[in-house]
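Step one of this worksheet: look at the structure below.
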Amino acid sequence: MKHMFIPGPVDVDPDVLQAQTNPMIPHRSAEFDAFFQGTEAKLKQVFMTETRVFQLPCSGSGMQEAGIRNLAHKDVLSCVNGAFGHRWYQVAVSNGKQADRLDAAWGEAITPERLAGALSAKPYEVVTIVHNETSTGVENPIKDLAEVVREISPETLILIDAVSSLGGVKIETDVWGLDFVLTSSQKCLALPPGMAFAAVSERALEKAKSVENRGWYFDMTLMEKHRIKNSTAMTPSMSLIWALDVQLDKILAEGLENRFARHQAMAERVQSWALANGMDPLAKEDHRSPTVSTIQNLRKVDFSELSSHLLARGMCISNGYGELKNKTFRIAHMGETQMYHIDTLLEAFEAFLAKM
Ligand SMILES: *Cc1c(COP(=O)(O)O)cnc(C)c1O
């Protein structure tokens with residue numbers, strides 16, 4: 001077996017990889033427009049929105065930047081409880097916004113109470129929240145967080161990074177009133193890296209029209225002008241779009257609810273195995289991610305030895321992120337990973353522990 005258990009890029013199914021070899025066609029053509037409209041229609045189902053989904057040739061970080069540049073003149077509240085929340089904060093600051101942080105310890109979740117406190121203290125134009133902190137394996141309770149924002153500060157736009165969860169965890173963009181939900185291609189959607197997608201609400205797009213210095217590449221009003229004609233302002237990443245179409249068909253054929261249940265079952269399997277083997281997940285029980293487990297290295301495993309042992313068997317897991325390196329390691333269970341992959345991985349892991 002060869003399998004990637006790192007939190008992106010994850011394995012891509014052979015038929016999806018194969019679709020990338022389809023020939024190029026003119027991107028200003030009825031044929032391409034029809035195709036592109038098709039992928040947006042399928043993406044809307046996955047994002048659980050009826051409004052719009054932008055499809056761009058960039059990575060998820062680019063979409064973080066798009067959200068910031070378009071949706072805030074100035075005041076941003078950045079929720080930070082891991083590396084990717086921190087990145088979005090840095091994106092805000094480096095784009096000249098006045099960003100305040102709502103910090104929680106790495107491994108803890110952002111709570112509705114603390115968010116309510118921050119929003120009561122100062123009016124913010126946008127709040128940025130990472131749904132699934134890929135560094136810590138914490139899932140932030142975005143449904144509850146969004147409810148608090150709408151209650152205390154209804155004008156504040158809700159920006160969600162769902163890079164490592166969308167497609168594997170239920171995110172009801174419209175029902176929960178989320179204004180901007182972004183993801184990358186290479187994580188939970190199980191595509192090659194190189195594209196990002198974002199659902200954008202009507203009121204968010206309205207706001208964008210009034211924001212200065214949106215730039216060009218990430219200008220949502222320009223994106224919208226082209227989207228309604230089923231195209232992009234720049235040359236689209238055509239090969240990836242061929243692959244996207246095949247993968248979205250597979251996702252919808254599995255069924256979203258089945259897909260969510262599969263991710264949850266794999267998470268429970270990995271996390272209960274870790275607990276049973278004396279290596280507690282970093283996240284507390286209520287906030288453990290369904291797509292990536294960050295496991296504390298309580299048995300003092302030498303990560304490079306573990307990694308070589310698994311690589312020799314065709315499997316790849318991740319070390320901890322940043323300061324969590326060697327203190328934790330990460331097992332992703334997302335995309336097309338199935339329970340039998342997890343069983344094989346944990347068996348090999350156990351064999352390694354037995355030899356220690
Ligand atoms: C990987 C990741 C990103 C960065 O995405 P890129 O596609 O690498 O730019 C942002 N947020 C989260 C939660 C991630 O897991």
Side-chain angles (χ1 to χ4, degrees), residues 4-12 43 47 53-69 76 78-92 94-95 104 106-110 127-142 145 158-169 171 178 180-199 217-218 237 240 243-244 247 263 267 282-283 287-294 316-322 324-325 328-335 337:
M4 299 264 271
F5 294 94
I6 66 170
V10 301
D11 286 306
V12 179
L43 281 166
F47 275 80
V53 178
F54 291 128
Q55 315 173 66
L56 270 201
C58 67
S59 85
S61 305
M63 273 301 188
Q64 284 189 336
E65 188 145 310
I68 292 294
R69 290 196 73 108
V76 173
S78 306
C79 297
V80 180
N81 60 335
F84 294 104
H86 182 246
R87 179 177 301 178
W88 215 354
Y89 165 76
Q90 288 178 315
V91 166
S94 61
N95 278 287
W106 284 36
E108 305 279 328
I110 302 290
V127 55
T128 67
I129 310 169
V130 173
H131 172 225
N132 189 69
E133 247 308 342
T134 319
S135 54
T136 61
V138 167
E139 182 186 20
N140 284 313
I142 47 170
L145 294 170
I158 305 169
L159 279 51
I160 303 292
D161 170 334
V163 168
S164 57
S165 50
L166 193 112
V169 186
I171 299 173
L178 310 176
F180 179 75
V181 178
L182 76 98
T183 196
S184 307
S185 50
Q186 77 277 14
K187 295 191 185 172
C188 227
L189 293 179
L191 284 156
M195 277 191 91
F197 312 99
Y217 195 83
F218 291 128
S237 36
L240 283 170
L244 170 68
Q247 178 62 4
H263 281 80
L282 183 66
H287 302 295
R288 286 186 194 139
S289 161
T291 60
V292 56
S293 296
T294 297
C316 190
I317 68 169
S318 267
N319 204 333
Y321 195 104
L324 293 174
K325 199 169 172 184
T328 63
F329 44 80
R330 292 176 298 158
I331 298 174
H333 23 80
M334 63 172 81
T337 296

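Residue numbers run from 1 in the order of the sequence given. Not measured: the values here are computed from a predicted model. Atoms within a ligand are numbered from 1 in the order they appear, just like the ligands themselves. Excluded from the calculations below are hydrogen atoms, water molecules and symmetry mates; all remaining heavy atoms, backbone and side chain alike, are included.
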Against heavy atoms of [X], which atoms of ligand 1 measure under 4.0 Å?
{"X": "V130", "value": "13 (C)"}
{"X": "N132", "value": "13 (C)"}
{"X": "Q186", "value": "6 (P), 7 (O), 8 (O)"}
{"X": "T134", "value": "12 (C), 13 (C), 14 (C), 15 (O)"}

(message) Using 0.5 Å steps for rounding, measure from the CG atom of L182 to the SG atom of C58.
(response) 9.0 Å
(message) At under 4.0 Å between heavy atoms, is it the side chain or the backbone of S61 that contacts ligand 1, or both, or neither?
(response) both
(request) Please determine which of W106, Y321, Y89 meets the ring pair (Phe, Tyr, Trp, His ring centres under 6.0 Å) test together with F84. (result) Y321
Are the side chains of [Y] and [X] in contact, using a 4.5 Å heavy-atom criterion?
{"X": "V10", "Y": "T337", "answer": "no"}
{"X": "L240", "Y": "P192", "answer": "yes"}
{"X": "P290", "Y": "N132", "answer": "yes"}
{"X": "Q247", "Y": "S185", "answer": "no"}

(request) Sort out for me which residue in R69, Q64, Q90 forms a side chain to side chain donor-acceptor pair (under 3.5 Å) with N95. (result)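 Looking at R69, Q64, Q90, the match for N95 under the side chain to side chain donor-acceptor pair (under 3.5 Å) is R69.
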Tell me: protein heavy atom nearest [atom], and distance?
{"atom": "atom 11 (N) of ligand 1", "answer": "D161 OD2, 2.6 Å"}
{"atom": "atom 5 (O) of ligand 1", "answer": "S184 OG, 3.5 Å"}
{"atom": "atom 12 (C) of ligand 1", "answer": "F84 CG, 3.3 Å"}

(message) Given A162, S59, G8, identify the one with the heavy atom nearest to atom 9 (O) of ligand 1.
(response)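 Checking each option, the heavy atom nearest atom 9 (O) of ligand 1 is found in S59.
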(request) From atom 14 (C) of ligand 1, work out which of K187, E65, M63 has a heavy atom at the shortest distance. (result) K187
(request) Please report the shortest heavy-atom distance between A162 and I171, naming the atom on each side. (result)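 Looking at all heavy atoms of both residues, the closest pair is CB-CD1, 3.6 Å.
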(request) Could you establish whether R87 and ligand 1 come within less than 4.0 Å of each other, counting only heavy atoms on the residue side? (result)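 Contact present.
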(message) Regarding ligand 1, does V163 bring an N or O atom to under 3.5 Å of one of the ligand's N or O atoms?
(response) no
